Amino acid sequence: VQLQASGGGLVQAGASLRLPCAASGLTFINRAMQWFRQAPGKEREFVAGNTWSGGRTYYADSVKGRFTIFRDNAKNTVYLQMNSLRPEDTGVYYCATHRLLADITSTPDYWGQGTQVTVSS
């Protein structure tokens, strides 16, 4: 099982980025999906999540209204659309998924390797 996050980069404040996370060795259907991030010197934090049914999404308060998580099951890819980026959004972004039908509140079972996002002021 491998999750490959990409799409990170260096952008100015106010810009947008879309991070794809592609999977091999499993499908995202019926799996909860999440994005986390870790800023320098800080602990990893939850950013966004989507339940295994795809029916509900959750966001950290700091990104509500700016970030959107969505999936394309046909491409076996989950995305994090990030708009109006701020310097405090800087960090390494990780995608994660769960075993089949697991609740989104459980600890993810599979993690990607992370992609760096840097937002300059």
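Quantities reported herein were computed from a predicted structural model and do not represent experimental measurements.
In this structure S16 satisfies the side-chain contact (heavy atoms from CB on, under 4.5 Å) test together with Q81, N83, sequence neighbours excluded. With sequence neighbours excluded, the residues forming a ring pair (Phe, Tyr, Trp, His ring centres under 6.0 Å) with F70 are Y79, listed by chain and number. In this structure D72 satisfies the salt bridge (Lys or Arg N to Asp or Glu O under 4.0 Å) test with no other residue, sequence neighbours excluded. Among residues two or more places apart in sequence or in another chain, the ring pair (Phe, Tyr, Trp, His ring centres under 6.0 Å) test is passed with Y94 by none.
Closest approach of I29 and N73 over heavy atoms only: CG1-CG, 3.8 Å. The heavy-atom pair separating S106 from R99 by the smallest distance is OG-NH1, 4.5 Å. Nearest heavy-atom pair across Y58 and F46 is O-CZ, 3.6 Å. The two residues A13 and S121 come nearest to each other via the heavy atoms CB-CA, 4.4 Å. Between N76 and T27, the shortest heavy-atom distance links the atoms OD1-CA, 3.2 Å.
Put simply, the side chain of V11 does not reach to within 4.5 Å of the side chain of T118, judged on heavy atoms. Looking only at side-chain heavy atoms (C-beta outward), L85 and L17 come within less than 4.5 Å of each other. For the pair I104 and W52, the minimum side-chain heavy-atom distance is 4.5 Å or more. Residues D89 and V117 are not in side-chain contact: their nearest non-hydrogen atoms beyond the backbone lie 4.5 Å or more apart. Using a 4.5 Å heavy-atom cutoff, the side chains of T90 and R37 are not in contact. Annotation: side chain of L19 is in contact with side chain of T115 (closest heavy-atom distance under 4.5 Å). The side-chain heavy atoms of E45 and Q38, taken from C-beta on, include no pair separated by under 4.5 Å.
N50 places no side-chain N or O within 3.5 Å of a backbone atom of Q34 that could act as its donor or acceptor partner. Looking only at distances, no side-chain donor or acceptor of S62 sits under 3.5 Å from a matching main-chain atom of A60. Side-chain atoms of Y59 come within 3.5 Å of backbone N or O of I69 as a donor-acceptor pair.
Note on ring orientation: taking the six-membered ring where Trp is involved, the planes of W111 and F36 are tilted (angle from 30° to 60°).
If you take CZ on R66 and OG on S84, they are separated by 7.0 Å, rounding to the nearest 0.5 Å. Atom-to-atom distance recorded for L3:CG and L26:CG is 6.0 Å, nearest 0.5 angstrom. The distance from atom CD of Q116 to atom CG of L10, rounded to the nearest 0.5 Å, is 9.5 Å. With rounding to the nearest 0.5 Å, the separation of CE in M82 from CH2 in W35 is 8.0 Å.
V92 and Y110 fall into different hydrophobic clusters, where Ile, Leu, Val, Met, Phe, Trp and Tyr residues are linked whenever their side-chain heavy atoms come under 4.5 Å apart, directly or through other members. Side-chain heavy atoms closer than 4.5 Å link hydrophobic residues (I, L, V, M, F, W, Y) into clusters, and following such links, possibly through other members, connects V1 to M33.
Applying the disulfide (SG to SG under 2.5 Å) definition to pairs two or more places apart or across chains, those involving residues 59-121 are C21-C95. Sorted pairs that involve residues 6-32 and meet salt bridge (charged side-chain N to carboxylate O under 4.0 Å, His left out), not counting sequence neighbours, are lacking altogether.
Contact check on K64 versus D61 returns a salt bridge, with a Lys/Arg side-chain nitrogen under 4.0 Å from an Asp/Glu carboxylate oxygen.
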ask   = When you look at L80 and V47, which way does the side chain to side chain contact (heavy atoms under 4.5 Å, CB included) test go after all the steps?
value = CA-CA 9 Å; L80 184 67; V47 175; 4.2 Å; yes
